[in-house]
K.L.:
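Below are the structure tokens for one structure; questions will follow.
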Amino acid sequence: MTVQLKDIEAARKAISDAIQPTPCVYSATLSKITGAKVYLKMETAHFTASFKERGALNKLLTLDAKTRKHGVIAMSAGNHAQAVAYHATRLGIPSTIVMPSYTPTVKVKNTGILGANVELVGDDLDEARNYAVKLGKEKALSFVHPYDDRHVIAGQGTLALEIFEQVQGLDMIIVPIGGGGLIGGIATASKAISPKTQIIGVQSERYPAVAQMLSGKTVSCGKATLAEGIAVKHPGKLTLEIIKRLVDKVQVVSEELIEQAILLMLEIEKAVIEGAAGASLAELLARPKAYKNKKICLIMSGGNIDLIALASVINRGLVRKNRLVRIHLSLPDQPGALSKVVGIIAHANANIEEIHHHRAFSGLPVQSTQVEFILQTRGSEHVDEILAELNVAGYNANIVPLFGKPGK
């Protein structure tokens, strides 16, 4: 049996005591940047900062007393894990969560804090799932699937009911796709309530399983991705059927655009999102002409990003905007030479973050040394001013391009 609108409406009633509606806010700045009318469904507002609470709780509420007593088991890269752990503990249900070994530390730690027994097994979700199913059978634990379950899909679909109450006349909803539970629930509710509203799915270019399957290609994925929450090699049988029937289009976006989306949300909306959520905005950034003047809702599916990963995204974003640059130049290897260059940089009002000397590896004459400066600047125009002052002073200064080798 497939999921129907009545199942989603029943799920909303069932979880209403514990799940509060999340905001769906208009972003004037993102609308100006992209040319679309952009609304953000902030699923980061849940206690565990992810939409996964909806489906996990709806599933747990269907379990009888005997099953609850034995406990539940789930596999997840993080958000489903935290959702199951939180609501299982709240309902007095013992929970075991199997997480892939690559799972961000923040998600592993939080899942344990929420009351679950956590086991790290396997290099991907498939290996984690196989172990979880095996362990569940051995210990008579009920398996709570992260996406391929009618009750889970119905729970995720409650999000769409809120959207159509909060925003009228939507042309499109852009949804990240991993296993397909979220888009399956949203598409089911949306096509029943507003058939003209298009549902656009988005995947990371490193895990494009659904896009590849729909186009008849061999599934090829498995590289590391910032969007680990949607790093799924095999969508569910139930969810894939819904996607084929109700989803209008599935797109693929680059890692770079996912990074830019996370940074934009941080800068513009002052909101922290994870890579999976960033995929929705990345799609809008990738193809703005397709969405120009359209009224669009982006699903900000979660906010559980590892702080180290977030720091890297911020720094790489500063590099892309030339707010953080590397400059190479050669100097005479003698006292006072470095201080002259530092003085020029100071006069140009740039801040020196790091200085590195390269004597043995520079290939320059023994009497010279190559120096690399990492500078904090105001942007591209400021960098040009700095280079101009250095070159006027006789130094052959070059900026190191984004993630590349020295050059002008």
Side-chain angles (χ1 to χ4, degrees), residues 1-25 39-69 71-72 74 76 79-93 95 114-115 142-168 170 173 175 179-195 197 199 236 238-239 241-242 245-247 297 299-302:
M1 292 180 62
T2 189
V3 181
Q4 300 178 23
L5 178 61
K6 65 180 181 180
D7 301 313
I8 297 172
E9 292 172 336
R12 185 182 193 183
K13 183 176 180 180
I15 68 177
S16 61
D17 288 344
I19 303 292
Q20 301 300 313
T22 57
C24 192
V25 297
Y39 290 81
L40 305 170
K41 182 60 170 169
M42 301 303 297
E43 288 295 283
T44 57
H46 292 291
F47 180 78
T48 62
S50 160
F51 76 94
K52 288 286 190 177
E53 286 193 32
R54 298 174 183 271
L57 177 56
N58 192 48
K59 175 63 176 180
L60 291 173
L61 291 175
T62 67
L63 303 179
D64 59 31
K66 182 179 179 180
T67 304
R68 292 189 186 195
K69 185 177 180 180
V72 298
S76 169
N79 287 335
H80 180 64
Q82 293 179 74
V84 172
Y86 171 59
H87 286 290
T89 300
R90 193 177 59 80
L91 295 170
I93 304 173
S95 64
L114 292 170
S142 181
F143 186 63
V144 182
H145 201 285
Y147 47 85
D148 206 27
D149 181 285
R150 291 183 64 253
H151 300 294
V152 171
I153 296 169
Q156 318 304 27
T158 62
L159 182 160
L161 301 182
E162 295 174 12
I163 290 175
F164 287 109
E165 292 173 354
Q166 294 164 325
V167 184
Q168 283 70 51
L170 277 175
I173 301 176
V175 190
L182 176 60
I183 198 167
I186 289 176
T188 299
S190 178
K191 293 303 182 181
I193 297 170
S194 178
T197 301
I199 305 300
L238 286 172
T239 57
E241 184 277 327
I242 297 172
R245 182 164 47 89
L246 299 178
V247 172
C297 181
I299 307 300
M300 298 291 104
S301 54

K.L.:
Distance check, rounded to the nearest 0.5 Å: Asp7 atom CG versus Gln4 atom CD?
P.N.:
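Going from CG on Asp7 over to CD on Gln4, the span is 5.5 Å.
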K.L.:
Is it the case that the side chain of Glu241 and the backbone of Thr2 share a donor-acceptor pair, with hydrogens and angles ignored and the cut-off at 3.5 Å?
P.N.:
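Not a single qualifying donor-acceptor pair exists.
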K.L.:
Less than 4.5 Å apart, side chain to side chain, heavy atoms only: is that true for Pro146 and Lys52?
P.N.:
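Contact flag for Pro146/Lys52 side chains = yes.
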K.L.:
Among residues at least two apart in sequence or on other chains, which ones pass side-chain contact (heavy atoms from CB on, under 4.5 Å) with Ser301?
P.N.:
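Here the qualifying residues are Phe51, Pro176, Leu182, Ala276, Ala277, Ile299.
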K.L.:
Taking side chain as C-beta onward, heavy atoms only, is Gln156 less than 4.5 Å from Ile183?
P.N.:
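No, side chains not in contact.
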K.L.:
Measure the CD-CD distance between Glu53 and Glu43 for me, rounded to the nearest 0.5 Å.
P.N.:
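So the gap between those two atoms works out to 9.0 Å.
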K.L.:
Can you see which heavy atom on Ile242 is nearest to which on Ala187, and at what distance?
P.N.:
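Heavy atoms only, the tightest pair is CG2-CB, 4.5 Å.
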K.L.:
If you take all heavy atoms of Leu161 and Ala189, which pair is closest and at what distance?
P.N.:
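The pair with the smallest heavy-atom distance is CD2-CB, 4.2 Å.
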K.L.:
Please lay out, stage by stage, how Glu9 and Lys13 fare under the test salt bridge (Lys or Arg N to Asp or Glu O under 4.0 Å).
P.N.:
CA-CA 7 Å; Glu9 292 172 336; Lys13 183 176 180 180; over 6 Å; no
K.L.:
Are the side chains of His145 and Val152 in contact, using a 4.5 Å heavy-atom criterion?
P.N.:
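Of all side-chain heavy-atom pairs linking His145 with Val152, none is under 4.5 Å.
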K.L.:
What is the minimum heavy-atom distance between Phe164 and Ile173, and which atoms define it?
P.N.:
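Nearest pair, atom of Phe164 first, then Ile173: CZ-CD1, 4.0 Å.
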K.L.:
Heavy atoms, side chains only, cut-off 4.5 Å: are Leu114 and Val84 in contact?
P.N.:
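Leu114 vs Val84: side chains apart.
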K.L.:
Side chain to side chain contact (heavy atoms under 4.5 Å, CB included) for Arg54 and His46? Distances and angles first, verdict last.
P.N.:
CA-CA 9 Å; Arg54 298 174 183 271; His46 292 291; 3.5 Å; yes
K.L.:
I'd like to know whether Glu162 forms a side chain to side chain contact (heavy atoms under 4.5 Å, CB included) with Lys41, so could you lay out the CA-CA distance, the side-chain angles of the two residues, the decisive distance to 0.1 Å, and finally the verdict.
P.N.:
CA-CA 9 Å; Glu162 295 174 12; Lys41 182 60 170 169; 2.7 Å; yes
K.L.:
Less than 4.5 Å apart, any side-chain heavy atom of Ile19 and any of Thr158?
P.N.:
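No, every pair of side-chain atoms sits at 4.5 Å or beyond.
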K.L.:
Give, for atom CE of Met300 and atom OG of Ser50, the distance between the pair rounded to the nearest 0.5 Å.
P.N.:
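It comes to 13.0 Å.
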K.L.:
Answer whether the closest heavy-atom distance between the side chains of Leu61 and Ile15 falls below 4.5 Å.
P.N.:
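With C-beta onward as the side chain, the pair touches.
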K.L.:
Look only at the side chain of Thr89 and the backbone of Tyr86, and say whether a donor-acceptor pair between them is shorter than 3.5 Å.
P.N.:
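No, because the side chain of Thr89 does not come within donor-acceptor range (under 3.5 Å) of the backbone of Tyr86.
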K.L.:
Heavy atoms only: give me the nearest Leu5-Ala192 pair and the separation to one decimal.
P.N.:
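Shortest heavy-atom contact: CD2-CB, 3.8 Å.
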K.L.:
Heavy atoms only: give me the nearest Ser194-Thr197 pair and the separation to one decimal.
P.N.:
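Taking every non-hydrogen atom into account, OG-OG1, 2.7 Å.
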K.L.:
Taking only residues two or more places apart in sequence, or in another chain, which ones meet Arg12 in a salt bridge (Lys or Arg N to Asp or Glu O under 4.0 Å)?
P.N.:
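Partners of Arg12 by the salt bridge (Lys or Arg N to Asp or Glu O under 4.0 Å) criterion, ordered by chain and then number, come out as Glu165.
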K.L.:
Drop me the distance from Ile186's CD1 to Leu246's CG, to the nearest 0.5 angstrom.
P.N.:
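The CD1 atom of Ile186 sits 12.5 Å away from the CG atom of Leu246.
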K.L.:
What heavy-atom pair brings Ala56 and Ala83 nearest, and what distance separates the two atoms?
P.N.:
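Answer, listing the atom of Ala56 first, then Ala83: CB-CB, 3.8 Å.
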K.L.:
How long is the straight-line distance from CZ of Arg90 back to CZ of Phe47, given to the nearest 0.5 Å?
P.N.:
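The distance works out to 10.5 Å.
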K.L.:
Could you work out, with side chain to side chain donor-acceptor pair (under 3.5 Å) as the rule, every residue matching Asn58, not counting sequence neighbours?
P.N.:
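Here no residue qualifies.
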K.L.:
Can you tell if the side chain of Ser142 reaches within under 4.5 Å of the side chain of Leu63, non-hydrogen atoms only?
P.N.:
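When only atoms from C-beta onward are counted, Leu63 and Ser142 do touch, with a gap below 4.5 Å.
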K.L.:
With rounding to the nearest 0.5 angstrom, report the NE2 to NZ distance, His87 to Lys59.
P.N.:
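Output value for this atom pair is 15.5 Å.
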K.L.:
If we only count heavy atoms from C-beta on, is the Leu238 to Ile153 side-chain gap below 4.5 Å?
P.N.:
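A side-chain contact under 4.5 Å exists here.
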